[in-house]
Amino acid sequence: MEPPSTYFASPDVVRPALFRAAMQALHFHGSRFTYRDRIAIADFNQPSSSARFYFVDLLNGATVSMPVTHGRGSDPEHTGWLQSFSNEPGSFSSSNGAFLASDYYEGKHGLSQRLVGLDPTNSNALDRAIVIHPAWYASHEVLRTNGQLGRSEGCFAVDQGDLQQAFALLGPGRMLYSAKV
């Protein structure tokens, strides 16, 4: 099956090369997703001071963005820029590739969403407990005060105030794509 050629997304919101890579991943892993109407994209080519977590409606092109953390192992100097990815347990790094958004659960950070890594670059996501969760160090206040977000242990941490919107826009059964393209 050929990927549809008429997906709409504002190229001034999601960079075209990143959007193409995400669409290729959606096509490649398509049978793993229950829903293909919306996707999330973490653009780790941008600093943590940017609203670099995109939720794209593939049917109408509407895009919502918010800040998201990267792992401390991916930015050991805490520059605000992701330097590298890792899939290794204990690396505290972000992983790249396509993830299947799975179920919600109550964890140490509150309501969180499990992610299943679908590529060799993120296949340990479940074992590493790489999830979407709220965190104080991902708050808009930390961003205002420090000019960048804190770092997670590889999770996609967002401001508590953005969490419900992130969950509503992604939901279980859809793709989250993470890259530095």
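Contacts of His78 classified as side chain to side chain contact (heavy atoms under 4.5 Å, CB included), with partners at least two apart in sequence or in another chain: Asp75, Gln148, Arg151. Residues passing the ring-ring contact (aromatic ring centres under 6.0 Å, His included) test with Tyr104, sequence neighbours excluded: Phe167. Qualifying side chain to side chain donor-acceptor pair (under 3.5 Å) partners for Glu106, counting only residues two or more places apart in sequence or in other chains: none. Residues meeting the side chain to side chain contact (heavy atoms under 4.5 Å, CB included) test with Ser84, sequence neighbours left out: none. Applying the ring-ring contact (aromatic ring centres under 6.0 Å, His included) criterion to His109, with sequence neighbours excluded, gives His133.
Within a 6.0 Å sphere centred on OH of Tyr105, other residues, nucleotides and ligands contribute more than 12 heavy atoms. No more than 12 heavy-atom neighbours from other residues, nucleotides or ligands sit within 6.0 angstrom of CD on Glu77.
In this structure, His140 and Asp162 have side chains that are in contact, with non-hydrogen atoms separated by less than 4.5 Å. Counting only heavy atoms from C-beta outward, the side chains of Tyr177 and Leu18 approach each other to under 4.5 Å. The shortest side-chain heavy-atom distance between Thr121 and Asn87 does not fall under the 4.5 Å cut-off. Residues His70 and Ser48 form a side-chain contact, since some pair of their non-hydrogen atoms from C-beta on lies under 4.5 Å apart. For the pair Tyr54/Asp43, a side-chain contact is recorded, criterion being any heavy-atom separation below 4.5 Å from C-beta on. Inter-residue side-chain proximity for Met66 and Gln165 is flagged as met; some heavy-atom pair is nearer than 4.5 Å. Counting heavy atoms from C-beta on, the side chains of Ile132 and Leu170 come closer than 4.5 Å. Contact of the Gln164 side chain with the Leu111 side chain is registered, since non-hydrogen atoms from C-beta on lie closer than 4.5 Å.
Nearest heavy atom pair, residue Ala17 against residue Val181, reads CB-CG1, 3.9 Å. Scanning all heavy atoms of the two residues, the minimum distance from Leu143 to Pro67 falls at CD2-CG, 4.0 Å. What you find for Thr69 and Cys155 is that their closest heavy atoms are OG1-O, 3.3 Å.
Val142 shares a hydrophobic cluster with Trp136, Tyr137; the chain of contacts runs through ILVMFWY side chains whose heavy atoms sit under 4.5 Å apart.
Side chain of Ser95 to backbone of Ser123: no donor-acceptor contact under 3.5 angstrom is found. Put simply, the side chain of Thr79 gets close to the backbone of Trp81: a donor and an acceptor are under 3.5 Å apart. Remark: the backbone N or O of Gly107 is not paired with any side-chain donor or acceptor of Ser112 at under 3.5 angstrom.
Atom OG of Ser86 and atom CG of Asn96 lie 9.5 Å apart (nearest 0.5 Å).
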